[in-house]
Number of protein chains: 2
Amino acid sequence: MAVIAEQLSKVLGLPVRQLEPLLALAAEVKLPKGDFFTRPGERADRFAIVLEGLVRHYYVDARGKESVKAFRGPLEVSGPYAELISGRPSRTFIQALAPARLLCLQWEVLQRAADASPELSKMLRRFAEAQFVNKEQREYEFLQLTAEERYLQFCRERKEHLGHVPLHQIASYIGITPVALSRIRARLARKR
Amino acid sequence: MAVIAEQLSKVLGLPVRQLEPLLALAAEVKLPKGDFFTRPGERADRFAIVLEGLVRHYYVDARGKESVKAFRGPLEVSGPYAELISGRPSRTFIQALAPARLLCLQWEVLQRAADASPELSKMLRRFAEAQFVNKEQREYEFLQLTAEERYLQFCRERKEHLGHVPLHQIASYIGITPVALSRIRARLARKR
DNA sequence: CACCGTTCTTAACCCTGTTTAAGGCGCCGG
DNA sequence: CCGGCGCCTTAAACAGGGTTAAGAACGGTG
């Protein structure tokens, strides 16, 4: 546990002594492959840090189409962040793609802690800002890159997931169908 | 000026007495139609609130293709937010589409003020969170909606801009070419 | 082992958006 | 008043992803 605190301290840019009282309130959740951390309709009240394994965030629209918003591995944050912020009921699935261990905390607990600690409050602000920058990067990719370029970008940025995530979910993440991704991969293989 | 402080107070959810010392440090900038508030390469160090007029945020990729990230009207925030956060040099143009007045502030000044004021710090956090929710909504639209649906969404959400923004910029905002938007509009007109 | 579900690929056809080019319209400056 | 420019639309040829369907490869299970 002390090891975790130290790693988190680095990732979050927060001193260990600020982290410890929070970790004491956190619960470890084991998620077998295929199980869900959150589902739409549930009240969104917890978020988590992935200790081990891999989860994906996705939603399903009225036509039944799945869209993957994110993959999150060890030491990354998972949870229905937008819904936690806005207080709206969750519309996102969070599912384990590999057996996962999550360290999870009530959102409310974190909010109260932030009211008492300027450092924690600042950390939450930096976190929100970092999430924003992430999404803006994604907007950039949809506006300016072709599907093939988005795929190559994914391979570069998230190569640690390449063997572990089924291709049709990568296709969904970059906004195309599995068939189209297959075609792109064939084209790339031919060229190189 | 007192009127502005009151409106801003509502928009930002911050008491007027917190706002006043900041407004005293802000500068008003007049921007004739077509002029730029920021350009790529410049150091990103200011942000602003639109008092009057209309600006667009966009970037241009290596192939020369423009992509519009946002339109911002009165009482909305403008500025190279992602670059201010990350400290990277700006890659976004911010241009007046109509003669604009901006109330603008050095980012650094705001940061220092936030260190001294927990309320202001919290406001900045809520602001970052709201920006994140915005971008996630946009991600949702790219992943799940067709171009036609994105156009209709735009018409619903931002009807105040409809007469004032050229259609080819709306096309760029929703991620298609002007030609494609023109066809969509023709199809919609025929159906209704 | 045979069976099943999942994943990935390929092919055919269709639909939508891109590209390029042309023409109309409105507006501004000379 | 005319010329030019920006904006919008339309057309035609093309490219690229969507849809559907079929089949191969794999892994797990009865």
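Letters go in sequence order (proteins before strands), and every chain restarts at 1.
In this structure, the CG atom of A:L188 is 12 Å from the P atom of C:dT9, given to the nearest Å. Atom NZ in A:K33 sits roughly 8 Å away from atom P in C:dT7 (whole-Å rounding). Between B:I184 atom CD1 and C:dC15 atom C1' the separation is 13 Å, expressed in whole Å. Nucleotide C:dT18 holds its C1' atom 10 Å from the NZ atom of B:K65, rounded to whole Å. One can place NE2 of B:H168 at 18 Å from P of C:dT20, the figure rounded to the nearest angstrom.
Each of B:V179 and B:L167 was matched to the nucleotide of DNA chain D holding its nearest heavy atom; the match closer to the 5' end belongs to B:L167. The residue among B:L181 and A:P178 whose nearest nucleotide of DNA chain D lies closer to the 5′ end is B:L181.
Looking only at atom types and distance, the side chain of B:R185 has a donor-acceptor partner in the side chain of B:Y151 under 3.5 Å away. Judged by distance alone, the side chains of B:Q153 and B:E149 never bring a donor and an acceptor atom under 3.5 Å apart. A donor-acceptor contact closer than 3.5 angstrom is absent between the side chains of A:E66 and A:S172.
Chain A approaches DNA chain D over the interval D:dG17 to D:dT20, counting the first and last nucleotide 5' to 3' with an atom under 4.0 Å from its heavy atoms.
Out of C:dC8, C:dA11, C:dG17, the shortest distance to the side chain of B:R183 is found at C:dG17.
In summary, A:K69 and B:E139 do not engage in a salt bridge, as defined by a charged side-chain N under 4.0 Å from a carboxylate O. Ion pairing of A:E157 with A:R150 is absent here, as no side-chain N (NZ or NE/NH1/NH2) approaches a carboxylate O to less than 4.0 Å. Between A:E141 and A:K135 there is no salt bridge, since no side-chain nitrogen of the basic residue lies less than 4.0 Å from a carboxylate oxygen of the acidic one.
Note on A:V133: it clusters hydrophobically with B:V77, by side-chain heavy-atom contacts below 4.5 Å among ILVMFWY residues.
Sparse packing is recorded around NZ of A:K33, with 12 or fewer heavy atoms of other residues, nucleotides or ligands lying under 6.0 Å away.
Between A:H161 and A:F154, the angle of the ring planes lies from 30° to 60°, which puts this pair in the tilted group.
Within residues 143-155 of chain A, the residues having any heavy atom under 4.0 Å from DNA chain D are, by residue number, A:A147.
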